[in-house]
Amino acid sequence: EVQLVESGGGLVQPGGSLRLSCAASGFAFSSYSFTWVRQAPGKGLECVSYISNSGGTIHYLESVKGRFTISRDSGENTVFLQMTSLKPEDTAVYYCNAQRHSLSDGVMDFWGTGTLVTVSS
């Protein structure tokens, strides 16, 4: 059974840090790229960071560059998002998304249920 379970969210003050985790199971972790996506209250989905299946390609939303770091651990089948210097505008539900494209199987796309990050004084 495919599962993506996010954890690590919570309430932090501006300037604080959080480390989000996305634990994957039930599929070939190393064959999938991962994206952290967030949804702020009343807003649409926003792609925060991307990491390729090998970990060799990484992208960040411009507003989080220098503050967030994405990584993956093949031994633990887990993707992380280290968030530092948090700002109120980072407040959102953060979702983990796994993606795989192939000519034979088409698009495979898995989502977690999200973890809430609240940045407030």
For Glu89, does the CD atom sit with more than 12 other heavy atoms under 6.0 Å from it, leaving out its own atoms?
yes

Going by chain and number, the hydrophobic cluster around Leu103 (ILVMFWY, side chain to side chain under 4.5 Å) further includes none

Side chains of [X] and [Y]: closer than 4.5 Å at any heavy-atom pair?
X: Ser120; Y: Leu11; answer: yes
X: Ser31; Y: Asn53; answer: no
X: Leu81; Y: Phe68; answer: yes
X: Val79; Y: Phe29; answer: yes
X: Asp90; Y: Arg38; answer: yes
X: Leu4; Y: Cys22; answer: yes

When rounded to the nearest 0.5 angstrom, what distance separates [atom1] in [X] from [atom2] in [Y]?
X: Glu76; Y: Ser21; atom1: CD; atom2: OG; result: 8.5 Å
X: Gln39; Y: Leu45; atom1: CD; atom2: CG; result: 4.5 Å
X: Ile51; Y: Ser33; atom1: CD1; atom2: OG; result: 9.5 Å

Please confirm whether Arg72 makes a cation-pi placement over Tyr32, using NZ or CZ under 6.0 Å from the six-membered ring centre and within 45° of the ring normal.
no

Determine yes or no for a side-chain-to-main-chain donor-acceptor pair under 3.5 angstrom, with [X] supplying the side chain and [Y] the backbone.
X: Tyr60; Y: Ile70; answer: yes
X: Arg100; Y: Met108; answer: no
X: Thr91; Y: Val119; answer: yes
X: Asn97; Y: Phe110; answer: yes
X: Glu6; Y: Thr115; answer: no

Nearest non-hydrogen partners of Phe27 and Ala24, listed with the distance
CZ-CB, 3.7 Å

Trp111 and Tyr95 aromatic ring geometry - parallel, tilted or perpendicular at 30°/60° bounds
perpendicular

Do [X] and [Y] belong together in a cluster built from hydrophobic side chains that touch within less than 4.5 Å?
X: Ile58; Y: Met83; value: yes
X: Leu86; Y: Val48; value: yes
X: Val93; Y: Val37; value: yes

Once side chain to side chain contact (heavy atoms under 4.5 Å, CB included) is applied, do any residues pair with Ser71, and if so which ones, sequence neighbours excluded?
Phe80

